[in-house]
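To start, the structure under review is shown below, and the notes come after it.
Here the structure is a predicted model, which means the values were calculated and not measured. Below, each value reflects all heavy atoms present in this structure, side chains not excepted, and no hydrogens, waters or symmetry copies. Each ligand, and each atom within it, is numbered from 1 in the order the structure gives.
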Amino acid sequence: MTSEVTPPDDTRWGPDARGRYGNFGGQYVPETLMASVTRLADTYRAIRNDRPFWEEFRESLNRYVGRPSPLYHANRLSDRIGGAQLYLKREDLNHTGAHKINNTMGQTLLARRMGKRRVIAETGAGQHGVATATAAARFGLDCVVYMGAEDVRRQKLNVLRMELLGAEVVAVDAGQKTLKDAINAAMRDWMATSDHTHYVIGSVMGPHPYPQMVRDFQTVIGLEARQQVIEQTGRLPNEVVACVGGGSNAAGLFFAFLDDADVKLFGVEAAGEKLAPGRHAATLSVGRPGILHGMHTYVLQDEDGQTSPVHSVSAGLDYPGVGPEHAHWKELGRVSYVSEDDQAALEAFTTLNETEGIIPALEPAHAVAHAMKRAKAMHADDSIVLNLSGRGDKDVVEAGRLLGRIATMGDSLDA
Ligand SMILES: *Cc1c(COP(=O)(O)O)cnc(C)c1O
């Protein structure tokens with residue numbers, strides 16, 4: 001289980017030498033950032049073959065994050081559905097409660113290797129900011145996290161966590177004061193500081209090499225899950241399901257199954273309130289190719305190419321772009337991208353609580369919702385592996401309010 005220390009062989013799937021996955025990816029950055037991006041790509045190309053680096057990475061994941069995470073047969077949930085057996089990859093049990101720490105541990109180790117003493121990050125709801133601040137504290141690096149002023153107001157608890165972990169949180173007052181504006185601010189910082197600073201991007205997005213690098217660090221999810229499901233069931237699963245925001249937890253799970261042609265892969269986006277402009281975040285289902293944050297990929301945009309506003313009950317899926325490798329997998333037909341709305345996610349959230357005693361984050365509740373629908377039409381000896389990307393403590397108040405319970409308690413917790 002702990003023997004996998006090298007990144008996956010991706011000669012078949014990409015990226016190519018220019019950082020492109022088919023028609024997608026690349027490096028669409030201002031000239032002032034090009035030198036930093038190129039230097040990082042060169043460094044990372046060498047690191048991919050540096051065995052001691054990957055041994056240190058795996059060792060940190062095991063000793064500090066608590067890997068390997070269990071693959072759990074949710075038999076009461078499976079019985080309730082009356083179809084295929086559901087297996088949950090328990091990324092919610094990682095230190096800090098989600099898959100994001102796999103990536104921030106990897107990138108922080110990389111920063112240290114490159115001799116950088118400072119890391120910066122963008123964050124929306126604060127989950128990636130907390131995971132970066134955690135890894136920075138663990139390895140003794142300075143940490144600055146950019147966060148939209150609106151998000152700072154809404155996510156007080158995560159701001160406090162980052163500050164306790166020794167990070168400086170910078171509230172960004174530009175634009176809509178949310179994630180997109182935080183990314184722009186982080187990129188501006190990096191332009192001026194890349195000699196001593198590494199920018200830790202939080203998903204499989206941005207200019208090459210970020211999509212490849214983040215996918216490599218998250219592939220530990222799929223490598224473990226593939227081995228675990230074979231150990232537990234004696235064969236590969238019929239289907240594999242994960243939610244897609246930027247796409248890192250899904251990429252990390254899917255990559256290990258790409259060459260298993262009989263295994264169907266499903267990425268679940270947020271259909272929000274409904275699939276109407278501004279009311280969802282189903283980028284691959286509804287968007288069109290365009291350029292965003294340094295990459296060519298699917299983007300939610302209006303007729304003039306302006307990035308659309310997005311909505312989802314889960315902050316982590318609330319992004320108008322998606323990792324370029326997913327755009328490629330969509331065009332190849334290797335992965336099916338579907339969407340589930342707020343209501344379906346909430347129902348799945350409740351069902352998992354009641355049948356298994358597990359409070360999932362609202363992001364993977366979208367994957368649970370879709371897996372439950374798929375399972376219903378399958379046989380009892382079929383199996384589905386689904387990624388439980390994070391725990392739901394952060395969403396309890398919001399879910400309680402939406403479900404019409406603990407309304408007064410929610411209000412006082414929020415105040
Ligand atoms: C951030 C987050 C996501 C979405 O990000 P991806 O890059 O698409 O994985 C999903 N689940 C949880 C728990 C998250 O914190």
Pair Tyr87 and His73, ring centroids less than 6.0 Å apart: yes

Could you check, using the six-membered ring where one of them is a Trp, whether Phe24 and Tyr298 have ring centers closer than 6.0 angstrom? yes

Record the part of His99 in heavy-atom contact with ligand 1 below 4.0 Å; permitted values are side chain, backbone, both and neither. side chain

Can we say Glu354 and Arg76 salt-bridge, meaning some charged N sits less than 4.0 Å from an Asp/Glu carboxylate O? no

Short N or O distance, [X] and ligand 1, threshold 3.5 Å exclusive:
{"X": "Leu317", "answer": "no"}
{"X": "Lys100", "answer": "yes"}
{"X": "Gly246", "answer": "yes"}

State the atoms of ligand 1, each with its element, that fall below the 4.0 Å cut-off from a heavy-atom position in [X].
{"X": "Gly390", "answer": "13 (C)"}
{"X": "Cys243", "answer": "10 (C)"}
{"X": "Gly245", "answer": "8 (O)"}

Considering only protein heavy atoms, which is closest to [atom], and at what distance to one decimal place?
{"atom": "atom 6 (P) of ligand 1", "value": "Ser248 N, 3.3 Å"}
{"atom": "atom 4 (C) of ligand 1", "value": "Gly316 O, 3.3 Å"}
{"atom": "atom 11 (N) of ligand 1", "value": "Ser389 OG, 2.8 Å"}

Would you call the rings of Trp54 and Phe217 parallel, tilted or perpendicular, taking 30° and 60° as the class edges? tilted

Where does the angle between the aromatic ring planes of His326 and Trp329 fall among parallel (under 30°), tilted (30 to 60°) and perpendicular (over 60°)? perpendicular

When Arg215, Arg334, Arg20 are each screened for salt bridge (charged side-chain N to carboxylate O under 4.0 Å, His left out) with Glu325, the one that passes is Arg215

Just checking, any donor-acceptor pair under 3.5 angstrom between side chains of Glu347 and Gln343? yes

